[in-house]
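Beneath this line is the structure, given in structure tokens, with notes to follow.
What you are looking at is a predicted structure, and each value in this text was computed from that prediction instead of being measured. Numbered from 1 within each chain, the chains take letters A, B, ... in sequence-line order.
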Protein chains: 2
Amino acid sequence: MAKIVHEREDVLPALGEVFREHGFEGASLAIIQARTGLGKGSLYHFFPGGKEEMANAVLAHVDRWFEDEVYRPLREDEDAAAAIARMIAATDAYFRSGQRVCVVGAFALGETRERFAFAVGDYFARWREALRDALVRAGRAPDAAADLSEDAVLSIQGALVLSRAVNDTAVFTRALARLKARLGV
Amino acid sequence: MAKIVHEREDVLPALGEVFREHGFEGASLAIIQARTGLGKGSLYHFFPGGKEEMANAVLAHVDRWFEDEVYRPLREDEDAAAAIARMIAATDAYFRSGQRVCVVGAFALGETRERFAFAVGDYFARWREALRDALVRAGRAPDAAADLSEDAVLSIQGALVLSRAVNDTAVFTRALARLKARLGV
DNA sequence: CGATACTTGTACCAATTAGTACATTAAAGA
DNA sequence: TCTTTAATGTACTAATTGGTACAAGTATCG
């Protein structure tokens, strides 16, 4: 049996899936070991701070992805409408049309929130603000843009909850379609 | 110290808060004992099936409340618009303007869902259908009513996630205000 | 009062939890 | 190659987990 050498970055996706599916409390080291294929030795080598550090790394990883693929385009893209359309497409792809859940959203519910309050709050605040910026650049009034962006961010989270609850990805797809119409893209 | 005699029904609210705040996995017997004021003896006397039975009892309790206060009025009230307005008010009160989270929604995310799939799915499906009925009675076209009701249910869940994530009840209040406007009440 | 059923606290259990210690193995650089 | 650093598996811990057993307490009702 060959010993495979990993690095920290490699395990973040698998780690993310575990926290996504089980939440922070539910993600036991046993599950984490099974899903990452790493033993405790490696896990605590990469994350000396244990589960808490793992969760923080996952949150940072997710945040980086959204910053690159969604928030920055929303803030900086010349074509604001195109950036908004891109956000919808990226959201649909990332959450696999509602089959995948939002780790950050899952952490927001439950007392886990306190522990990761900054990362959780920041992720959503920046999404809301980036979208508001894009809407303003697309010609909306500032107040309307703020309202609309908050509504959009919250609708995506709600769509994830509802589509998972009734076990029907069509719920998520329909919600994104309505969102496109409301956002005018 | 007097020995106080409880009955099953009495502990459901406290039990509900525990699952609400900690989720199913995070709700340890130790926490449950502390919050309900009941020892293991009483707990397993009332709920021989352990945590799973406690969670099912909580879900049923919540379901009953919504059935009585929200779903039935939506289905049966002569004045459909009034029933919808009542739904908004009941929702705001129940979730304490976003300070309280939805147990059913919290269970929907995470692998807990599988275990309580029926209760979770049913709760949301009935909410959506009851609201659709009311909207049709209020004069909407069936298709528009179905779309609008799905959007409303999911917006409430999303508002709970977002308001908790950014730690701001104003998010929830604004979301309900937008909802009232969209539902025309 | 006395019998019966309900309620509760305590002691206990095996399994699992997160985390540590450390020796071994693999890779990288001189 | 030799040395150093990074990565890994194994064995271990102390605490906590959900759950059981059961005796003792309390209420109910004849």
With sequence neighbours left out, write down each residue that passes side-chain contact (heavy atoms from CB on, under 4.5 Å) with B:Arg8, or none if nothing qualifies.
-> B:Phe46, B:Phe47, B:Glu53, B:Ala57
Output the residues of residues 14-23 of chain A in contact with DNA chain D, where contact means a heavy atom of the residue under 4.0 Å from an atom of the strand; sort by number or write none.
-> none
Near-strand residues of residues 33-50 of chain B, defined as heavy-atom separation under 4.0 angstrom from DNA chain D | B:Lys40, B:Tyr44, B:Gly50
Length of the line joining B:Glu9:CD and C:dC6:P, which is rounded to integer Å = 17 Å
Output every pair passing ring pair (Phe, Tyr, Trp, His ring centres under 6.0 Å) with a member in residues 75-105 of chain B, not counting sequence neighbours, ordered by first then second residue.
-> B:Trp65-B:Tyr94, B:Phe66-B:Tyr94
Rounded off to whole Å, could you give me the CD-to-P distance for the A:Glu53 and C:dA18 pair?
-> 16 Å
Listed pairs under 3.5 Å, donor-acceptor, residues 157-165 of chain A side chains, sequence neighbours left out:
| from | atom 1 | to | atom 2 | distance (Å) |
| --- | --- | --- | --- | --- |
| A:Ser163 | OG | A:Ala159 | O | 2.8 |
| A:Ser163 | OG | A:Leu160 | O | 3.4 |
| A:Arg164 | NE | B:Ala108 | O | 2.9 |
| A:Arg164 | NH2 | B:Gly110 | O | 3.1 |

Set of residues satisfying side-chain contact (heavy atoms from CB on, under 4.5 Å) with respect to B:Arg75, sequence neighbours excluded = B:Glu67, B:Tyr71, B:Arg72, B:Ala130, B:Asp133
Rounding to 0.5 Å, atoms CD1 (A:Ile32) and NZ (A:Lys51) come to a distance of 6.0 Å
Report the residues that fulfil ring pair (Phe, Tyr, Trp, His ring centres under 6.0 Å) with A:Phe116, sequence neighbours left out, ordered by chain and then residue number.
-> A:Phe24, A:Phe107
Pairs: protein N or O with nucleotides 14-17 of chain C N or O, under 3.5 Å:
| from | atom 1 | to | atom 2 | distance (Å) |
| --- | --- | --- | --- | --- |
| C:dT17 | OP1 | A:Ser28 | OG | 3.4 |

Short side-chain N/O contact to C:dT8 OP1/OP2 from B:His6, under 4.0 Å | yes
Which pairs with one or both residues in residues 31-42 of chain A pass side-chain hydrogen bond (donor to acceptor under 3.5 Å, both in side chains), sequence neighbours excluded?
-> A:Glu21-A:Arg35
Among all residues two or more places apart in sequence or in another chain, which pass the side-chain contact (heavy atoms from CB on, under 4.5 Å) test with B:Glu7?
-> B:Asp10
A:Asn167: partners by side-chain hydrogen bond (donor to acceptor under 3.5 Å, both in side chains), with sequence neighbours left out | none
Please set out all donor-acceptor pairs under 3.5 angstrom arising from side-chain atoms of residues 177-185 of chain A, sequence neighbours excluded.
| from | atom 1 | to | atom 2 | distance (Å) |
| --- | --- | --- | --- | --- |
| A:Arg182 | NH1 | A:Asp151 | OD2 | 2.4 |
| A:Arg182 | NH2 | B:Asp151 | OD1 | 2.5 |
| A:Arg182 | NH2 | B:Asp151 | OD2 | 3.0 |

